[in-house]
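Just below is one structure, and these are the notes that go with it.
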Amino acid sequence: MVGKRIWRLGWAAALLLLMAVLLAAAGRETPVPLARTECVSFTESAKELKNPNRGFYHMHGFVISDEEADYAKTVARQFRAEADASLTLIEINLKEYRDRPISAKGLANLEELFQALAKTDKQLILRFLYDWEGRAKETEPDSLGQILSHMRQLGPLLKKYSGIIFTLQGVFVGECGEMHGSNFLSEEQVLTLVRQLEKVTEEGTYLAVRTPAHWRRTAKVSNPAKLSRKDRILALRLGLFNDGMLGSSSDCGTYGNGTLERDGPNVNWKREEELAFQDALCRLVPNGGEVTIDNPYNDLEPALEALGRMRVTYLNWEHDEEVLEKWAASKVSEKSCFDGMDGLSYVERHLGYRLVLREARLSSDENSGALSVAADIQNVGFAPVYKEAEAKAVLWNSATGQKLEYAFTQDVRSLAGGTDSGRRLTLWLSIPQEELKEGDWAVFLDLRDKASGKRIFFGNEQAPGRYGYRLGGADYTGGAER
């Protein structure tokens, strides 16, 4: 038996030698696969992450007119102390043009404002309006046609700077642009205004209306659970903004007393139905605003439950101070790395998405020698990643410095967070053996927001390096990016 084994091994060695000779004769290198097969577990961290398109925001207002303005200086000054936010709400008041088209000088000033904003590290929540004083009927144009004309004039700028725009709130009308107290809020008028915004903005720019009832009347959809990201319809661009969030049982009039069964889709439903509606809708489109009025609905525990069900992505840093201070004075109690954290910091870390690496596996196929790369990720935040993200496996050769990139085809936006935060997604791909030349390779995961190119950081103890988060393979000493 021993002799047989030796004989078989001898034939195998001879066959391998013959293959090597044939490959050399053909002028090809013998590919060397990754030498290590390994499984790596990752540790979750409670650290703050500055990721694109989520989190607390600060707000700034600008009145556009024909007057000279140094927007570069103004924006630089106002944003100097705002390293704690990746989003900013920019309110642009057009009241100077209520009775006429926006002038060439006004449009030039707007372009200068956008140029200045593009030089910051912020993504924009935009709101155009005609009123800051609760007098919308006095300061808005007299005709719907004038508002539609202003939208058309702004279209080229909104498209040119779409890369820095996350969402556009409202339809230009209402007190403080919040879609109440205006002459232009009939169902037909709101639909006309939303459809115009749909035309003059890029497909990747989200729009937002004030209440779920506004959404249903405009999108013409009563059950968003039936929607798919593959649908190319208005409903997949139309989100919500709620500036009465957690302020009362009705979120300060955002909800009502109706029900779908009794009253149909076009009225404000009771709180529980509206929360369930947002839970389904905001798997696909964003929701955010500001909390207000200290009351039991925004005590920390019920607030966390509601924020997860509404899948809230962004909140105002300034409103409501009493509510935010109440959260800061509260403590979180849960079996996780967040145990004992103050409530305000906990909310900050969970607004929008918070992706966590759980496990990575590198293995080599016994027959083909192909390298399999798999990474399990989880979204423990309140909401999904909404903007398209690019996930790549980056391989770095420790001997030659060569870098290879391979795109994962799985979509991280499918991790909805919130009430689905326990779900995991496996990013997986296979790399042919012949593409891995001689040397020892390190394997990384790099995830970036496609529109801005900004890195998306994971909530893990491991810091990313130059090429992303190391999943295994060769050691890497290229430094960390924080």
Side-chain angles (χ1 to χ4, degrees), residues 57-80 82 87-120 122-185 189-190 192-202 205 207-208 241:
Y57 66 85
H58 296 280
M59 61 187 298
H60 302 275
F62 299 89
V63 177
I64 299 301
S65 70
D66 291 354
E67 300 294 325
E68 291 292 334
D70 189 345
Y71 288 114
K73 185 176 180 179
T74 301
V75 168
R77 182 182 70 251
Q78 292 186 8
F79 282 58
R80 190 174 296 130
E82 295 187 5
L87 284 170
T88 185
L89 172 60
I90 301 297
E91 293 188 342
I92 299 177
N93 196 319
L94 301 174
K95 66 179 182 178
E96 296 296 320
Y97 304 100
R98 67 176 302 273
D99 58 353
R100 58 193 173 104
I102 303 171
S103 67
K105 178 59 178 175
L107 291 172
N109 280 339
L110 271 168
E111 172 113 43
E112 288 184 21
L113 174 59
F114 278 114
Q115 287 174 348
L117 293 168
K119 293 177 181 178
T120 72
K122 313 297 183 188
Q123 290 81 46
L124 308 184
I125 305 165
L126 277 182
R127 188 188 298 184
F128 291 92
L129 41 76
Y130 299 93
D131 166 72
W132 277 326
E133 309 297 332
R135 298 160 46 197
K137 291 182 179 180
E138 299 175 29
T139 57
E140 289 176 354
D142 292 331
S143 72
L144 184 69
Q146 185 67 77
I147 301 170
L148 296 172
S149 176
H150 287 167
M151 290 180 175
R152 282 193 295 271
Q153 286 186 278
L154 294 170
L157 287 175
L158 294 175
K159 289 182 177 180
K160 182 176 180 179
Y161 293 95
S162 62
I164 62 171
I165 302 173
F166 177 48
T167 187
L168 199 159
Q169 291 183 343
V171 290
F172 287 42
V173 302
E175 295 175 3
C176 298
E178 291 190 14
M179 300 182 66
H180 60 79
S182 170
N183 291 319
F184 304 105
L185 289 173
Q189 288 169 326
V190 171
T192 299
L193 291 166
V194 172
R195 288 292 187 188
Q196 181 77 316
L197 287 176
E198 181 186 24
K199 291 178 183 177
V200 303
T201 54
E202 289 287 1
T205 300
L207 310 176
F241 72 103

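Predicted model only: the values in this text are computed from it and were never measured. Below, each value reflects all heavy atoms present in this structure, side chains not excepted, and no hydrogens, waters or symmetry copies.
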On the 0 to 90° scale, with breaks at 30° and 60°, tag the Phe172-Phe128 ring pair as parallel, tilted or perpendicular. parallel
Any side-chain heavy-atom pair from Leu197 and Val171 closer than 4.5 angstrom? yes
Asp99 side chain to Pro141 main-chain N or O, any donor-acceptor pair under 3.5 Å? no
Taking every non-hydrogen atom, the tightest pair across Phe79 and Ile90: CZ-CD1, 4.1 Å
After noting the C-alpha distance and the side-chain angles of Trp132 and Thr139, does the key distance pass the side-chain contact (heavy atoms from CB on, under 4.5 Å) rule? CA-CA 9 Å; Trp132 277 326; Thr139 57; over 6 Å; no
So, the side chain of Gln189 versus the backbone of Leu185: is there a donor-acceptor pair under 3.5 Å, distance only? yes
How about Val190 and Met179: do any of their side-chain heavy atoms sit closer than 4.5 Å? yes
Using the side-chain contact (heavy atoms from CB on, under 4.5 Å) rule, take Gln169 and Leu89 through it: C-alpha gap first, then chi angles, then the decisive distance, then the call. CA-CA 9 Å; Gln169 291 183 343; Leu89 172 60; 3.8 Å; yes
Is it the case that more than 12 heavy atoms not belonging to Lys119 sit under 6.0 Å from its NZ atom? no
Tell me if a side-chain donor or acceptor on Gln123 pairs with a main-chain N or O of Leu87 at a distance below 3.5 Å. no
Is the closest side-chain heavy-atom distance between Ile125 and Tyr57 below 4.5 Å? yes
Using the side-chain contact (heavy atoms from CB on, under 4.5 Å) rule, take Ile147 and Leu94 through it: C-alpha gap first, then chi angles, then the decisive distance, then the call. CA-CA 10 Å; Ile147 301 170; Leu94 301 174; over 6 Å; no
Check whether Glu112 reaches the backbone of Tyr71 with its side chain - one donor and one acceptor, N or O, closer than 3.5 Å. no
Please confirm whether the backbone N or O of Arg100 pairs with a side-chain atom of His150, one donor and one acceptor, at under 3.5 Å? yes
Output yes when Lys137 and Asp131 qualify as a salt bridge under the 4.0 Å nitrogen-oxygen rule, no when they do not. no
Nearest heavy-atom approach of Ala136 to Gly181 is CB-O, 3.5 Å
Salt bridge Glu140-Lys95, side-chain N to carboxylate O under 4.0 Å: no
Rounded to the nearest 0.5 Å, the CD atom of Glu82 sits from the NE2 atom of His58 at a distance of 4.5 Å
Any carboxylate oxygen within less than 4.0 angstrom of a Lys/Arg side-chain nitrogen, looking at Lys105 and Glu67? no
Distance col, row Phe241:CZ vs Leu168:CG, nearest 0.5 angstrom, shows 10.0 Å
Looking at Lys122, is its backbone amide N or carbonyl O close enough to the side chain of Thr88 to form a donor-acceptor pair, meaning the two atoms are under 3.5 Å apart? no
Which is it for Gln146 and Tyr97 under the side-chain hydrogen bond (donor to acceptor under 3.5 Å, both in side chains) test, yes or no, and what are the steps along the way? CA-CA 9 Å; Gln146 185 67 77; Tyr97 304 100; over 6 Å; no
Correct closest heavy-atom pair for Gly174 and Ser182 would be N-CB, 3.6 Å
Please report the C-alpha distance between Arg127 and Glu91 in whole Å, then the side-chain angles of each, then the deciding distance to 0.1 Å, and finally whether the salt bridge (charged side-chain N to carboxylate O under 4.0 Å, His left out) criterion is met. CA-CA 5 Å; Arg127 188 188 298 184; Glu91 293 188 342; 3.5 Å; yes
Should the heavy atoms of other residues, nucleotides or ligands under 6.0 Å from NZ of Lys199 be counted, would the total exceed 12? no
From CG (Leu117) to OH (Tyr161), nearest 0.5 Å: 9.5 Å
Using the salt bridge (charged side-chain N to carboxylate O under 4.0 Å, His left out) rule, take Arg135 and Glu175 through it: C-alpha gap first, then chi angles, then the decisive distance, then the call. CA-CA 6 Å; Arg135 298 160 46 197; Glu175 295 175 3; over 6 Å; no
Is any side-chain heavy atom of Leu193 less than 4.5 Å from a side-chain heavy atom of Leu144? yes
Can you tell me how far apart CG (Asn93) and SG (Cys176) are? Round to the nearest 0.5 Å. 9.5 Å
Let me see the working for Leu113 and Ile92 under side-chain contact (heavy atoms from CB on, under 4.5 Å), right down to the final yes or no. CA-CA 10 Å; Leu113 174 59; Ile92 299 177; 4.1 Å; yes
Is there a side-chain contact between Leu107 and Gln153, using heavy atoms and a 4.5 Å cut-off? yes
Residues Ile165 and Leu126: closest non-hydrogen pair is CD1-CD1, 3.7 Å
Working to the nearest 0.5 angstrom, can you tell me the gap between Ile102 CD1 and Met151 CE? 10.5 Å
Roughly how far, to the nearest 0.5 Å, is CG of Asn109 from CZ of Phe62? 11.5 Å
Distance-minimising heavy-atom pair for Val194 and Leu207: O-CD1, 4.1 Å
Between Thr205 and Thr201 (side chain of the first, backbone of the second, donor and acceptor by atom type, cut-off under 3.5 Å), is there such a pair? no
Write down the atom of Gly106, the atom of Asp66, and the distance for their closest heavy-atom approach. N-OD1, 3.7 Å
Taking Ser149 for the side chain and Gly145 for the main chain, is one N or O donor matched with an acceptor at less than 3.5 Å? no
